[in-house]
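Atoms considered below: every heavy atom in the structure, side chains included; atoms not considered: hydrogens, waters and symmetry mates.
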Amino acid sequence: MDRITAAQVFVRIVEQGSMVGAAQSLDMSRSMVTRYLSEMERWADAQLLHRSTRKLTLTAAGEKAFENCRSILDFAKEVSAPLASEHAAQPEGTIRIACSQFVAADLLPTVIDAFLDEFPKVHIDVHISNQVTNLVEDRIDLAIRITNELEPNIIARPLGRCRSVLCATEAYLKRNGYPVYPDDLAKHNCLIYSNFGKSLWHFTKNEQAVVTSVSGNYSANESLLLLQSVLKGRGISLQPKHAVQAMINDKKLVHVLPNYEPVSLGIYAIYRSRKHQSIAIRKLLDRLVDHFEITET
């Protein structure tokens, strides 16, 4: 059997979540799809899918096979394309991006709008989640993560840094006092972004590290949700500078402990493979790097 077609069938099964869906999208009989899958498993000498009445999920061997099949299909597409320079080729196809609500709302719109204006044949599909995404299982091409703790062996391209600001409303500070030192935060209701730990906030002053223990009655894994609570005067929160600087300038928020710099976080583009990446993804990565180089986040 044709291995390129087998790879295409297997990828389509995973993307559609069923063999029936794969058969319909490929205009192929269900029995033929089953034969290609069986042949793939014979070549791999392993079961590639967990089959249940509700859904199909990839086995560990299946995740590796899916990655290899995607690479094979990307390579085959490039080889069969007309001979032309990469710069002359027009990017096309779908790019599935996973990111948090903050990234989707505050960091991506400008670069994505400009990218789609430049390359109208590309379709961007954004999936918003604050959970760490399994790129293969969730069929994500690119994940944007803000973190200082990347998993070992992950493929990541640094994009920039995300700086934070400690802030509260004037009304809250008048009721509860103005912190002078980080340890004063122990007396305050600190609204905490739970993905970055629930008890310690890290600062620097004169290149010296300062760590303080904090607590509060509200935590969430979405910074924009905490910001709404800060604006209602419920407490103090660490917020991305990009999201609150205009509010500080307009006196809606107060910059708390301005002499102490919260530790910044890295912004990374996470992807599956450096090999056989589509032109569209490579160009989007380049645009993201350029965007963050000129934008202080």
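A donor-acceptor pair under 3.5 Å links the side-chain atoms of T212 to the main chain of P182, judged by distance alone. For R12 (side chain) and A22 (main-chain N/O), no donor-acceptor pair under 3.5 Å exists by modelled atom type. Remark: the backbone N or O of L49 is paired with a side-chain donor or acceptor of Q47 at under 3.5 angstrom. Of the possible polar contacts, none joining the N176 side chain to the H188 backbone as a donor-acceptor pair under 3.5 Å is found. Side-chain atoms of D184 come within 3.5 Å of backbone N or O of Y181 as a donor-acceptor pair. For the pair R175 (side chain) and G233 (backbone), a donor-acceptor distance under 3.5 Å is present. With N259 contributing its side chain and K205 its backbone, the two residues share no donor-acceptor pair below 3.5 Å. The backbone N or O of A220 sits less than 3.5 Å from a side-chain atom of S194, completing a donor-acceptor pair. A donor-acceptor contact shorter than 3.5 Å is absent between the side chain of T204 and the backbone of E207.
With respect to R96 and D138, no salt bridge is recorded, no charged nitrogen being found less than 4.0 Å from a carboxylate O. Classification of R272 and E67 as a salt-bridged pair holds, one side-chain N sitting under 4.0 Å from a carboxylate O. Salt-bridge formation is detected for the pair R287/E118: a Lys NZ or Arg NE/NH1/NH2 atom is positioned less than 4.0 Å from an Asp or Glu carboxylate oxygen.
Using a 4.5 Å heavy-atom cutoff, the side chains of Y260 and V210 are in contact. Here the side chains of L48 and M40 are in contact, with some heavy-atom distance below 4.5 Å. Inter-residue side-chain proximity for L58 and V14 is flagged as met; some heavy-atom pair is nearer than 4.5 Å. Between I144 and L288, some side-chain heavy-atom pair lies under the 4.5 Å cut-off. Here the side chains of I146 and F102 are in contact, with some heavy-atom distance below 4.5 Å. Looking only at side-chain heavy atoms (C-beta outward), F119 and K283 come within less than 4.5 Å of each other. Contact check for L225 versus Y218: side-chain heavy atoms found under the 4.5 Å cut-off. Residues L200 and S213 have side chains in contact (heavy-atom distance under 4.5 Å, counting atoms from C-beta outward).
Heavy atoms only, all atoms of each residue included: A280 and F115 are closest at O-CZ, 3.6 Å. What you find for F292 and L159 is that their closest heavy atoms are CB-O, 3.0 Å. Here the shortest heavy-atom pairing between G235 and V230 reads O-CG1, 4.0 Å. Closest approach of V256 and A168 over heavy atoms only: CG2-N, 3.9 Å. Smallest separation of non-hydrogen atoms from S100 and I128: C-CG2, 3.9 Å. For the pair P109 and D106, the tightest heavy-atom approach, listed with the atom from each and the gap, is CD-C, 4.1 Å.
Only one option out of L142, I270, D286 pairs with R157 in a side-chain contact (heavy atoms from CB on, under 4.5 Å); it is D286.
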**OP:** Verify side chain to side chain contact (heavy atoms under 4.5 Å, CB included) between I13 and L37, making sure each step is shown before the conclusion.
**Re:** CA-CA 9 Å; I13 290 171; L37 176 59; 4.2 Å; yes

**OP:** Using the side-chain hydrogen bond (donor to acceptor under 3.5 Å, both in side chains) rule, take S237 and Q239 through it: C-alpha gap first, then chi angles, then the decisive distance, then the call.
**Re:** CA-CA 6 Å; S237 179; Q239 287 288 320; 3.2 Å; yes

Subject >> Evaluation steps, side chain to side chain contact (heavy atoms under 4.5 Å, CB included), between T169 and M247 >> reply: CA-CA 10 Å; T169 60; M247 298 179 193; over 6 Å; no

**OP:** I would like to know whether V263 and W201 meet side chain to side chain contact (heavy atoms under 4.5 Å, CB included); could you show each step before the answer?
**Re:** CA-CA 9 Å; V263 172; W201 280 351; over 6 Å; no

**OP:** Mind running side chain to side chain contact (heavy atoms under 4.5 Å, CB included) on V9 and L26 for me, showing each step along the way?
**Re:** CA-CA 8 Å; V9 170; L26 292 169; 3.8 Å; yes

Subject >> Working for side-chain hydrogen bond (donor to acceptor under 3.5 Å, both in side chains), residues D125 and H127 >> reply: CA-CA 7 Å; D125 185 10; H127 296 255; 3.1 Å; yes

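Enclosure of atom CG in D250 by more than 12 non-hydrogen atoms of other residues, nucleotides or ligands within 6.0 angstrom is indicated. Atom CG of N249 is surrounded by more than 12 heavy atoms from other residues, nucleotides or ligands within 6.0 Å.
From L166, atom CG reaches atom NE2 of H255 across 7.0 Å, with rounding to the nearest 0.5 Å. Taking CG of N221 as the reference point, atom OH of Y193 lies at 6.0 Å (rounded to 0.5 Å). Put simply, CE on M19 and CD on Q24 are 13.0 Å apart, with the number rounded to the nearest 0.5 Å. A distance of 13.5 Å separates CD1 of I236 from CG of L226, quoted to the nearest 0.5 Å. Note that the NE2 atom of H202 and the CG atom of L238 stand 10.5 Å from one another [nearest 0.5 Å]. In this structure, F66 CZ and L135 CG are separated by 10.5 Å, a value rounded to the nearest 0.5 Å.
W43 and M32 fall within the same hydrophobic cluster, defined by Ile, Leu, Val, Met, Phe, Trp and Tyr side-chain heavy atoms under 4.5 Å apart, directly or through other members. Grouping the Ile, Leu, Val, Met, Phe, Trp and Tyr side chains by contacts below 4.5 angstrom, directly or via other members, places I140 apart from V132. Hydrophobic clustering (ILVMFWY, side-chain heavy atoms < 4.5 Å, transitive): I124 and L108 are in one cluster. Note on V20: it does not cluster hydrophobically with L56, by side-chain heavy-atom contacts below 4.5 Å among ILVMFWY residues.
Every salt bridge (Lys or Arg N to Asp or Glu O under 4.0 Å) that E151 has, sequence neighbours left out, goes to R145.
Side-chain contact check for S264 and R163: no donor-acceptor pair (N or O, by modelled atom type) lies under 3.5 Å.
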